[in-house]
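Reminder, nothing fancy here: chain letters follow the sequence lines and each chain counts from 1.
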2 protein chains.
Amino acid sequence: MATVRKQASTPGAATRERILDAARDLFAEHGVQAVSLRELTSHAGVNLAAIHYHFGSKEALLAELFSRSSQPIVQWRLELLAKVRREPDGRPVLEDVLEAFLRPALSSGRRQNATFVRLRARLALERNEATRRILRDTFDESSQEVIAAIAEALPDLPELELYWRFHFLIGSMFYTMADSGRIQSLSGGKCDPGNVEEVLARLVPIFANVFREGCNAAPVAAPSPLREPTVETNAAGEPSPAKPRKAKLNEAKSGAAKSSAAKPSKTRRPARTS
Amino acid sequence: MATVRKQASTPGAATRERILDAARDLFAEHGVQAVSLRELTSHAGVNLAAIHYHFGSKEALLAELFSRSSQPIVQWRLELLAKVRREPDGRPVLEDVLEAFLRPALSSGRRQNATFVRLRARLALERNEATRRILRDTFDESSQEVIAAIAEALPDLPELELYWRFHFLIGSMFYTMADSGRIQSLSGGKCDPGNVEEVLARLVPIFANVFREGCNAAPVAAPSPLREPTVETNAAGEPSPAKPRKAKLNEAKSGAAKSSAAKPSKTRRPARTS
DNA sequence: TCATGATTTACACGTTCGTTTAAATCATAT
DNA sequence: ATATGATTTAAACGAACGTGTAAATCATGA
């Protein structure tokens with residue numbers, strides 16, 4: 001009996017930590033909703049009930065994971081922000097401010113837990129109010145300090161423009177953090193956003209230019225080609241070429257896929273003969 | 001009997017379309033996994049089984065929804081790309097190329113279905129292989145045409161740099177499309193990424209500058225402050241200040257929250273007296 | 001050594017999920 | 001009018017979900 005006693009594979013690793021590690025990895029890979037507590041605990045090598053014993057609920061586990069993993073990032077950011085170099089006129093060096101903002105976010109602490117970076121990027125696009133509040137409470141303060149530092153570095157930049165460009169910056173940042181693999185696919189593997197130093201070496205000077213570039217850039221000079229598509233879709237896309245599917249009558253003659261488009265043809269209907 | 005006959009609220013609206021509309025809205029708002037077929041059908045005002053009758057499965061519904069909604073976007077993009085203005089030397093106008101790329105994505109066809117834009121942004125961060133393939137199959141071809149047009153407009157820009165900057169561009173684009181509300185929160189509501197024209201008026205010239213700006217921007221001139229956080233977290237964050245929670249023995253004396261950190265205190269354990 | 005509390009285990013609960021089925025209903029051509 | 005096929009309906013299936021609970025096990029100080 002007694003299953004396997006203790007295994008002693010990782011002696012000092014407490015159950016809590018194993019759960020948090022597994023949650024970080026699995027939540028980042030598949031999303032919070034898609035991960036069941038059973039696969040989580042089995043992946044962590046702990047008992048199912050351990051989650052409720054140590055955290056109370058799945059949601060509480062996520063909150064604990066997030067606040068714990070975020071703390072070093074925010075702290076590092078504030079440290080970097082405090083030691084930003086100054087221009088002769090006393091203003092912060094813009095590149096240093098941007099790096100203080102980006103480096104901790106992209107590196108995710110000193111550990112190899114690159115997976116939390118992905119989790120954060122994923123949660124950043126969530127529209128769930130609870131998730132938004134967690135992100136706000138965790139990162140807004142230090143983000144506001146970064147924004148204030150940028151404003152200090154560029155006193156002539158209108159506040160609204162600063163916010164717009166900051167929005168585009170965090171877009172590029174989160175998309176890099178998410179590691180969607182899209183640009184690897186498009187570039188044939190030549191571009192690797194997983195390399196933090198390579199990302200910073202490009203993102204920092206690029207957005208330093210973006211922020212510095214005054215509002216001089218023509219507002220929207222382009223006469224703009226056209227604004228509506230000429231495609232004549234009726235109400236949604238196609239008229240109604242693809243009929244649903246035969247309800248009864250599974251005649252064997254039309255066994256192959258109809259022809260509608262290119263469906264995955266997942267054997268649309270078993271239609272057992274019984 | 002016969003429940004309610006037909007209701008005739010929207011006479012011509014077929015069941016298929018009601019399902020697709022509801023799926024678009026709900027998937028975009030809460031994510032695919034988080035939406036059950038029951039809330040979907042009840043939101044659409046159709047029977048639960050209608051989804052399997054018309055589409056076969058939840059996954060097939062998503063694929064159908066995506067391909068149908070994407071088609072006008074891609075088509076519009078290709079049309080705009082075909083009528084991009086040319087410089088006197090015959091090269092494409094970079095701003096027009098960027099607008100051809102961005103406008104259809106941000107506008108989502110001619111309809112008011114801004115929700116599909118959010119759905120697409122959400123799926124873009126998904127790491128699910130099936131989802132990635134859908135996105136690749138749908139958008140890669142037209143994206144490659146955009147990349148080729150940019151390369152044609154900027155023949156001196158190294159290919160690798162082009163891909164990096166395109167990566168940052170689609171990051172800003174997707175984050176704008178996701179409408180996470182973060183920049184509204186940070187800017188106190190002054191910045192509204194939901195306004196497509198306002199986004200384009202800023203994003204197009206900004207990234208035109210980004211692409212045009214040669215590799216002259218100092219590679220990474222910054223001596224870079226420090227690269228590791230000084231915070232001394234052991235293994236994960238905190239030593240072990242917050243004890244789990246009492247297992248048995250729900251003594252009434254310590255009824256209030258322990259003090260650990262600032263937990264949501266969701267009544268960690270009911271511990272019914274029975 | 002033993003008592004005690006912290007932790008882990010096995011198991012079951014009620015619910016909700018995606019899916020399926022068979023019958024009822026609708027639309028329409030003859 | 002009626003037959004026929006398309007569509008909708010109500011009800012149920014088994015599986016998997018998050019959660020709860022009582023007992024077994026472990027660690028440790030007296």
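Protein atom CD of A:Gln33 is 14 Å distant from nucleotide atom C1' of D:dA16, rounded to whole Å. Per the geometry, NE2 belonging to A:His52 stands 16 Å off C1' belonging to C:dT7, to the nearest Å. Rounded to whole Å, atom C1' of D:dG20 lies 13 Å from atom CG of A:Leu37. Atom-to-atom, CD1 of B:Ile19 to P of C:dG18 comes out at 14 Å; the value is rounded to the nearest Å. Rounded to whole Å, atom P of C:dC13 lies 14 Å from atom CZ of A:Arg38. D:dA16 atom C1' lies 12 Å from atom CG of A:Leu48, rounded to whole Å. Distance, B:Asn47 CG to D:dA6 P: 19 Å, rounded to whole Å. Atom OH in A:Tyr53 sits about 18 Å away from atom P in D:dA24, given to the nearest Å.
Annotation for B:Val35 and B:Lys58: closest pair O-NZ, 2.7 Å, computed over non-hydrogen atoms.
In this model, the phosphate group of D:dC17 is approached by a side-chain N or O of A:Ser36 to a distance below 4.0 Å at OP1 or OP2. Contact between the side-chain N/O atoms of B:His54 and the OP1/OP2 oxygens of D:dA6 is not found at any separation under 4.0 Å.
Under a 3.5 Å cut-off, the side chain of A:Arg127 and the backbone N or O of B:Asp179 do form a donor-acceptor pair.
Stacking of B:Arg182 on the aromatic ring of A:Phe139 is not recorded, the 6.0 Å distance cut-off and the 45° axial limit not both being met.
You'll find that the side chain of B:Ala49 is closest to C:dT20, out of C:dT20, C:dT19, C:dT8.
Residues B:Phe101 and B:Phe166 place their aromatic rings such that the two centres sit under 6.0 Å apart.
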